[in-house]
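No hydrogens, no waters, no symmetry mates; every other heavy atom, side chains included, goes into these values.
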Amino acid sequence: MNRAKMRTSTFAAVAVLAGSVLAACGSGSGSTGGGTSGGGSGAAQNAKVAFLMPDLASTRYELADKPLFEAKMKQLCPTCEVIYQNADSDAAKQQQQANSALAQGVKAIVLDPVDSAAAATIVKTAQSQQVAVIAYDRPIPATPADYYISFDNEKIGSMIAQSLVDHLKKENAKGGILQVNGSPTDAAAGLIKKGIHSAVDPSGFKLLAEYDTPDWQPEKAQTWVSGQITQFKDQIVGVVAANDGTGGGAIAAFKAAGVKVPPVTGNDAELAAAQRIIAGDQYNTISKPIKIVAEASANVAWEFMQGKKPAGKTTLYNTPSELFVPTVVTKENIKEVLFDSGIMKAAEACSGEYAKSCAELGIK
C-alpha cells in the first residue's frame, strides 16, 4: 500500500539510529505479544501516542481503558507520552482532539470512534502525515485503519442473545423479546446487533420491537423500554440489551412501571451490572477484560511508533485485526469469572444491600 511505503521511508532514519538500542531491548514484534520495556532511542524514545476514547456514558474508559493503556505504554517506553482525550459522544470534538494530537507530533493514534463513518476523516488525515491509526473496540469500515483491536463484537451479540434464549426456553417462557441496540453511529454496535439477530430471529420468540439507542445513552434506552411496557405489557419475557448501560436503563424502566423485571442481558461487565446480576435484576453480561485490548493496542502502537508494521491475526473491513473471544457471565459463573479471576473485587461489589446475595453465591 502507498501509505505503508510512506511510513517505511519516514521511519528509515529512526530504524538506523535506534537499531542497536532496540536490539538490546528486544524487537517487540509478533503483533500483540508481551512486548518489551525500556524503549528505543531517538524519535521512538520520546514519542507521543494519542489515546482517544468516545464517551463518558460508559464508565470503563476513565476507570479502566485509560489507566491500563497508560501503564502498558509506560512499561514499553518509559519516556513516551500518552495524550488522552475523551470526546463525550461528540464526533466533531473527537475530530478536534485528533487534529490537536497530530499537531503535537504523535507517532500513532489509538482511536475508539464516536461515529465510525466520521472517523474516516481522522484516519485519512493521520495517514497523510504518516501517522498510524489503531481502531480500538469499534471498527472504521469506510477507510481502513492501520490495525483494529477488539473483542469479537458480532460474537458478543450472538452470545448474550443465545444465552437469554436458552434460559427462556428452559423456563418455558411464552411471549416476545425486546431488542435494545447500541448507537446507530457505532459500527461495533452494528456488529453486536447482527449477532443478536442471529440468535433471536430463529429462536421461536417473537421480536416485539427493537431500538437503536443514540450515543448508547441509558436514559434513552429507559424511555424507549417504558413505552414498550405500556404497549406490550406482560407479553415481554426478555430483553436483549447490547451493553450494561442500556440493560440498566431497561431494568430501570420495568422497576419504574412497577412490574416484574424479565431477564435482561448486558455487555462490558461493569461493576453496576455485576451487582445487578448478583441481586437477580440482570440476567447476563459479557466479560471482556479491558486489560487484554488495552495492552494489545499499546503493543501494536509501540510497534508502529518504531516504524514496524505488525501483522494481523485476521482481517475485518480490509484492516489487519486481532479479535478476542469474550465470556458470558450469569449468576451461575460470576464468582469464578469475575471474582476468583481477580477481574473484580468482592469489596467493591458486595457492600451494603449486595452483601447478603454475595454471601449466598460464595463471593467474599
Revision key, fill the gap. Contacts satisfying side-chain hydrogen bond (donor to acceptor under 3.5 Å, both in side chains) that involve residues 353-363 (not counting sequence neighbours) are none
Study note, to complete from the structure: In short, side-chain hydrogen bond (donor to acceptor under 3.5 Å, both in side chains) pairs touching residues 272-285 with sequence neighbours left out are Ser163-Asn284, Asp244-Gln282, Asp244-Thr285, Lys255-Asp281, Arg276-Gln282
Review point. Looking just at side-chain N and O atoms, do Lys93 and Gln96 make a donor-acceptor pair shorter than 3.5 Å?
Key: no
Check your understanding: Of all residues at least two apart in sequence or in a different chain, which pass the side-chain contact (heavy atoms from CB on, under 4.5 Å) check with Lys155?
Key -> Asp152, Ser158, Met159
Check your understanding: Side chains of Asn99 and Gln95: do they bring a donor and an acceptor to under 3.5 Å?
Key -> yes
Point to revise | Over 12 foreign heavy atoms within 6.0 Å of NZ, Lys169 | key: yes
Revision key, fill the gap. For residues 316-364, the disulfide (SG to SG under 2.5 Å) pairs (sequence neighbours left out) are Cys350-Cys358
Review point. Can you name the residues that form a side-chain contact (heavy atoms from CB on, under 4.5 Å) with Ala101, not counting sequence neighbours?
Key: Ala50, Val106
Exercise for review: Answer yes or no: are there more than 12 heavy-atom neighbours, outside Lys291 itself, under 6.0 Å from its atom NZ?
Suggested key: no
Revision key, fill the gap. Contacts of Lys206 meeting side-chain contact (heavy atoms from CB on, under 4.5 Å) (sequence neighbours excluded), chain-then-number -> Leu208
Review point. What residues form a side-chain contact (heavy atoms from CB on, under 4.5 Å) with Glu171, not counting sequence neighbours?
Key: His167
Practice item. Would you please name every residue forming a ring pair (Phe, Tyr, Trp, His ring centres under 6.0 Å) with Phe69, sequence neighbours left out? Key: Phe51
Review point. So, Ser58 side chain and Arg60 main chain: donor-acceptor pair closer than 3.5 Å or not?
Key: no
**Study point:** Pair Ser100-Gln104, side-chain donor/acceptor within less than 3.5 Å
**Key:** yes
Review point. With sequence neighbours left out, which residue pairs that include part of residues 178-187 fulfil the side-chain hydrogen bond (donor to acceptor under 3.5 Å, both in side chains) condition?
Key: Arg138-Asp186, Gln179-Asn181, Gln179-His197, Gln179-Glu210, Asn181-Glu210, Asn181-Asp212, Ser183-Thr185, Asp186-Trp216
**Study point:** Residues in ring pair (Phe, Tyr, Trp, His ring centres under 6.0 Å) contact with Tyr211, at least two apart in sequence or another chain
**Key:** Trp224
Check your understanding: Can you tell me if CD on Glu336 sees more than 12 non-hydrogen neighbours from other groups inside 6.0 Å?
Key -> no
Practice item. For the pair Glu295 (side chain) and Leu68 (backbone), establish whether a donor and an acceptor sit closer than 3.5 Å, ignoring hydrogens and angles. Key: no
Check your understanding: For residues 169-190, which residue pairs qualify under ring pair (Phe, Tyr, Trp, His ring centres under 6.0 Å), counting only residues two or more places apart or in two chains?
Key -> none
Revision key, fill the gap. Taken in chain and number order and not counting sequence neighbours, the residues that satisfy side-chain hydrogen bond (donor to acceptor under 3.5 Å, both in side chains) with Thr246 are Asn243
